[in-house]
Amino acid sequence: MKNHILKVEGLTKSFGTNQVLKGIDLDIAPGERIAIIGGSGSGKSTFLRCLNFMETLTTGAIYLDGTRIGRVVGKDGDKESVVYSPRTLCDVRKRVGMVFQQFNLFPHMSVLQNVMEGLVTVLGKSKGEARQIAEAELTKVALHEKLDAFPSQLSGGQQQRVAIARAIAMSPEILLFDEPTSSLDPELVGEVLRTINTLGEEGRTMLLVTHELGFAYRFATRVLFLYDGKIHEQGTAEEIFKNPQSERTRAFIARSSEFSL
Amino acid sequence: MNYQWDFGIIWSSMPVFGRGIVVTIELTLICLVLGLILGMLLSLAQMSRVRALQVAGRSFVEFFRNIPALIQLIWFFYAFPILIGAQLSPFTAAVLGITLNTGAYCAEIYRSGIQSIARGQWEGARAIGMSDKAIFRRIILPQVFDRMLPAFTNRAVEVAKITSLASVLSVHDLMYQGRLLSATYYRPLEILTAVGILYLCIIYPLSFASMMAERHLARKR
Ligand SMILES: Nc1ncnc2c1ncn2[C@@H]1O[C@H](COP(=O)(O)OP(=O)(O)O)[C@@H](O)[C@H]1O
Ligand SMILES: [Mg+2]
């Protein structure tokens with residue numbers, strides 16, 4: 001077994017004739033915290049969504065713990081045809097959690113029910129056990145006083161923390177964050193970033209798409225700069241932010257820093 | 001105006017009205033329940049991945065929503081039996097006609113309800129590994145029912161009204177009894193007025209429920 005937990009090989013993704021991802025390779029080791037930065041429309045969300053198969057890959061392969069996801073059923077020239085069964089996708093998503101920009105909480109369920117839902121319907125835990133886990137996770141994100149509230153009664157920051165609790169309750173091996181603070185009022189960004197930071201300190205493997213470059217600098221063990229559907233440059237936070245090799249990376253960081261570094 | 005009102009006729013006809021009311025309520029409930037089920041199936045067909053099912057569901061809905069309900073009822077009573085080679089009872093023909101009509105309208109309520117649930121709800125649920133079936137049952141449907149409650153109670157009001165058409169097939173509902181009584185006693189003014197008021201008594205509670213459902217929903221937002 002290699003020591004990577006997730007491996008991406010030759011990933012491309014097209015929407016119709018628009019090729020958004022143009023060949024991405026990436027090895028992720030356990031405990032890595034990877035920040036993905038890049039201009040809007042550069043394919044950051046699409047890349048993240050391919051990792052838990054919210055989007056299906058056009059070509060390429062993803063390995064979880066050394067096992068390829070999907071079944072190759074044939075080859076047409078260079079292009080493999082791969083079948084992803086619903087069962088497989090559900091299994092992958094149990095292991096690769098995701099937090100969205102828009103939270104996507106279930107509005108008809110209380111905070112506690114939101115977090116319990118996956119534990120009961122996906123992992124098959126008893127109500128009692130699910131409740132225990134959900135309460136513990138909600139305590140971790142400092143929302144133990146809001147168990148019976150409904151999402152509409154919470155601030156954006158609180159809703160995003162519920163969404164984080166919902167994701168980590170499933171004990172995923174990897175967590176994906178797609179601009180988790182971009183739809184929050186500025187004064188609520190801090191509480192969510194602190195929560196994400198705490199998860200990082202626990203040694204969780206995480207990928208974070210963000211425009212908060214200051215946070216990315218402090219948080220990430222590795223930074224990827226995405227440009228034109230490719231990983232244009234990558235390195236440690238120090239390397240990318242303080243000493244970028246590419247002129248394009250430098251320009252992007254200079255432009256963004258006016259707002260957030 | 002020197003019309004001699006005779007309200008006595010109404011009191012003495014009450015047992016007959018009563019029988020009509022029972023039939024009207026029966027017809028309403030049966031058609032509403034069957035229509036809700038049919039509508040669900042039709043909306044699922046329209047949203048399925050199978051193209052033939054989509055087309056069939058869509059055609060059915062457009063067909064039954066765009067033909068007057070009265071023609072549907074009469075068709076099922078007089079024309080349909082020729083096709084199947086067996087006579088339908090007036091009640092069965094009425095149930096068929098009204099149910100198909102109601103199903104077509106309910107399908108639209110479900111479809112717009114399900115589509116109004118944002119894509120994010122599917123994604124949020126998929127991201128924790130829920131199957132499509134579980135998502136539909138646990139996440140989408142409960143929200144559809146919540147949102148669609150006013151539309152469904154409105155439909156119930158419509159169904160209760162439409163059942164009065166069944167009297168032309170001589171289903172013994174409230175309208176039929178009213179027409180029969182007024183022809184028998186030559187007292188259309190008293191009797192048909194009473195029939196109207198009795199319909200009001202059956203239907204107004206439904207309208208009221210619909211109004212309350214809307215308010216309840218507005219408060220929840
Ligand atoms: N579902 C989709 N259908 C068609 N095009 C899409 C879809 N999702 C994303 N795209 C396109 O892919 C490109 C990259 O989008 P995205 O990954 O959201 O970028 P980013 O997150 O970096 O801003 C954009 O040009 C966008 O229009
Ligand atoms: Mg994005």
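So you know, we letter chains A, B, ... as the sequences are listed, proteins then strands, and number each from 1.
- Minimum interatomic distance between His108(A) and Ile139(B) (heavy atoms only, all atoms of both residues): CE1-O, 3.6 Å.
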Working for side-chain contact (heavy atoms from CB on, under 4.5 Å), residues Glu123(B) and Arg49(A): CA-CA 10 Å; Glu123(B) 298 206 331; Arg49(A) 292 163 57 81; 2.7 Å; yes
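- There is no contact between Ala118(B) and chain A, counting heavy-atom distances below 4.5 Å.
- Atom CD of Gln115(B) has more than 12 heavy atoms from other residues, nucleotides or ligands within 6.0 Å.
- Put simply, the side chain of Met109(A) reaches to within 4.5 Å of the side chain of Arg138(B), judged on heavy atoms.
- By the neighbour-count criterion of 12 heavy atoms within 6.0 Å, atom CZ of Arg71(A) is sparsely surrounded, having that number or fewer from other residues, nucleotides or ligands.
- When side chains are defined from C-beta on, Met130(B) does not count as touching Cys90(A), because their heavy atoms never get closer than 4.5 Å.
- Within a 6.0 Å sphere centred on OH of Tyr84(A), heavy atoms belonging to other residues, nucleotides or ligands number more than 12.
- Within 6.0 Å of the NZ atom in Lys146(A), the count of heavy atoms belonging to other residues, nucleotides or ligands does not exceed 12.
- For the pair Pro107(A)/Gln121(B), a side-chain contact is recorded, criterion being any heavy-atom separation below 4.5 Å from C-beta on.
- With rounding to the nearest 0.5 angstrom, the CZ atom of Arg119(B) is 11.0 Å from the CD atom of Gln102(A).
- Using a 4.5 Å cut-off between heavy atoms, Leu105(A) contacts chain B through its backbone alone, with no side-chain atom that close.
- Two residues are said to be in side-chain contact when any heavy atoms from C-beta on lie closer than 4.5 Å; Arg166(A) and Ile128(B) meet this criterion.
- The closest side-chain heavy-atom distance from Arg126(B) to Asn52(A) is not below 4.5 Å.
- Remark: Glu145(A) CD is loosely packed, at most 12 non-hydrogen atoms of other residues, nucleotides or ligands lying under 6.0 Å away.
- With a threshold of 4.5 angstrom between heavy atoms, Val99(A) does not approach chain B through any atom at all.
- Proximity to chain B is limited to the side chain of Phe100(A), based on heavy atoms less than 4.5 angstrom apart.
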